[in-house]
Amino acid sequence: AIGGALVLLVTAAAAFFLLKGPGPIEAKVGLDTDGKEQLELSCGGCADGDQVRLNQTVATFHGGRAAVRVPVPLKVGENRFELAIARSGARKESHVALSVPLEFRVRTDVSRLALGEPRFSVRVEAVPGSQVEVDGHALALIAGQATHEVDVSKELSGLDPAVKKLERRLAYQIRPAGRAPQQGQVTVQLGIVPLTLQAPGESITIDTPTFLLAGRTAKGATVSVGGRAIPTEPDGHFTQNLAVSTLGETNVTVGASSPQLAPRLFSFRVRRVANLAAEGKLRRATATQSYATIIADLEQKHDWQVALDGSVAELGGDEFSTTILLDTKSGCKVAPCLTKVVHGARLSLKTGDRVSVFGRVRAAVDGPRGSKVPEVFADFVVKAGR
């Protein structure tokens, strides 16, 4: 399906070449299945089985039509060719001189999608004096060329376990000097490589020099952190210990890329502190500590900073992350006051342990007997007595 998307991209470009050839043979330029330029010939006087040769490339006419690949990409302006026609039963080839004027070319360039600020370009070549407009933006021709860049960082950012589609359609208009305007549409259509993180998730606070990065991408994809590749298993899983050399907050960007797919980027925050217990005392000054306050109008509490005390009622997760059902004590008016806590690291806890959770409300999730309870993504968790 993704290969098909690439073919759609280059096939669309075929419509951007407006060409005419004189004489009994007319030509326009299109793209073959490999995305290479070819002359699409129309010859009313050519019978089925007649052949046309351009340099060493030979094609056969059917229904008065044949397509032959050009040896080098055409240039904007006049392009002259000499075709050799071999008619069925004839002993000698006849030669036809063909002049193909190319007034403009519109192409998409996706080579910059993998950079820090993902974008693709619409590149226009046109004869001097042409007026060029792409996606409503007038572009100035410099040496016969103009470029319009499109930022797609929003579409390529974030976590997603499935291949999603990047699709943009941009209208263009080219008006060669003294000619009627030509209009069309350029399309970019690519799949985006999947990426999920099991650890550390959206953010994490640590008092150690390292933390664990773990996640999954597509089979055969590559993963990088800050532009540097890390080992990835053939099935797409990856784990890597990463170092944080100094105290303070660091933004980490993980990128996943795969052939024929647009890359995916995800950034998260790592805050290294000297001591988690001391950091917890500082967080309490600005965080909501009352369960009753959080649960009131819970749907409106997304991203609220919280500091909650309680005990572990249930414990789950996997080898890289921890899920806690917290029997919340702080600000609880009618017990039990339950909070689902998700933390992007494996914690050494057991049922009944008393803990303090510091993070932010992420959503309202189903609780017992049809109730709604807060789901909190924890930056860090401190065991009582630490």
Side-chain angles (χ1 to χ4, degrees), residues 1-111 122-127 130 144-145 167 169 172 174 176 179-180 182-191 259-261:
I2 300 306
L6 291 174
V7 171
L8 287 175
L9 173 64
V10 297
T11 301
F16 306 154
F17 307 129
L18 306 180
L19 309 166
K20 292 181 180 179
I25 296 181
E26 295 186 351
K28 66 177 182 178
V29 170
L31 301 178
D32 63 15
T33 55
D34 295 325
K36 303 297 184 181
E37 291 180 358
Q38 63 182 8
L39 291 180
E40 298 175 357
L41 304 173
S42 176
C43 177
C46 296
D48 289 355
D50 289 352
Q51 292 187 328
V52 57
R53 179 174 58 83
L54 176 61
N55 291 1
Q56 303 304 314
T57 304
V58 178
T60 302
F61 281 98
H62 296 283
R65 298 183 180 277
V68 58
R69 181 180 292 186
V70 299
V72 295
L74 276 69
K75 67 180 187 299
V76 172
E78 291 291 332
N79 296 268
R80 299 185 181 279
F81 300 95
E82 184 175 289
L83 304 178
I85 308 296
R87 299 186 180 277
S88 300
R91 296 182 178 181
K92 295 183 178 180
E93 296 178 331
S94 59
H95 292 264
V96 176
L98 190 66
S99 177
V100 181
L102 179 61
E103 292 185 325
F104 64 87
R105 172 189 279 117
V106 180
R107 291 177 171 175
T108 54
D109 180 1
V110 297
S111 62
V122 179
R123 303 189 182 277
V124 179
E125 299 176 68
V127 294
S130 298
Q145 299 183 350
E167 184 172 8
R169 301 179 186 275
Y172 70 84
I174 314 293
R179 300 288 299 277
Q182 303 290 339
Q183 298 176 338
Q185 182 175 262
V186 60
T187 300
V188 169
Q189 189 178 63
L190 291 169
Q260 297 188 352
L261 292 174

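Atom set for the values below is all heavy atoms of this structure, side chains included, hydrogens, waters and symmetry mates excluded.
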Asks: So does R169 pair up with E167, basic N to acidic O under 4.0 Å?
Replies: yes
Asks: What I'd like to find out is whether the side chain of V122 reaches to under 4.5 Å of the side chain of Y172, using heavy atoms alone.
Replies: no
Asks: Could you tell me which non-hydrogen atom of E93 sits nearest to which non-hydrogen atom of H95, and how far apart they are?
Replies: O-CD2, 4.0 Å
Asks: Which atom names give the shortest non-hydrogen contact between G30 and E40, and what distance separates them?
Replies: CA-OE2, 3.5 Å
Asks: Are L102 and V29 close enough that some pair of their side-chain heavy atoms sits under 4.5 Å apart?
Replies: no
Asks: Minimum heavy-atom separation for A27 and L98, please, with both atom names.
Replies: CB-CD2, 3.7 Å
Asks: Tell me which pairs pass salt bridge (charged side-chain N to carboxylate O under 4.0 Å, His left out) where either residue lies in residues 74-89, with sequence neighbours left out.
Replies: D50-R87
Asks: Hey, what do you get for CG (L39) to CZ (F81), rounding to the nearest 0.5 Å?
Replies: 5.0 Å
Asks: Are E37 and L74 side-chain neighbours, meaning at least one heavy-atom pair lies under 4.5 Å?
Replies: yes
Asks: Rounded to the nearest 0.5 Å, what separation is found between the CZ atom of R179 and the CD1 atom of I174?
Replies: 13.0 Å
Asks: Pairs of donor and acceptor atoms involving the side chains of residues 57-73, under 3.5 Å and at least two apart or interchain, shall be tabulated with distances.
Replies:
{"residue": "R69", "atom": "NE", "partner": "D32", "partner atom": "OD2", "Å": "2.8"}
{"residue": "R69", "atom": "NH2", "partner": "D32", "partner atom": "OD2", "Å": "2.5"}
{"residue": "R69", "atom": "NH2", "partner": "D34", "partner atom": "OD2", "Å": "3.3"}

Asks: Would you mind listing every disulfide bond (SG atoms under 2.5 Å apart) that reaches into residues 46-87, with sequence neighbours excluded?
Replies: C43-C46
Asks: Would a 4.5 Å heavy-atom cut-off, applied to side chains only, mark R53 and L83 as touching?
Replies: no
Asks: Below 4.5 Å, heavy atoms only, C-beta onward: do E125 and R123 meet side chain to side chain?
Replies: no
Asks: State, to 0.1 Å, how close V76 and A126 come at their nearest heavy-atom pair, and which atoms those are.
Replies: CG1-C, 3.6 Å
Asks: Would you check if I85 and I25 make a side-chain contact, meaning some heavy-atom pair closer than 4.5 Å?
Replies: yes
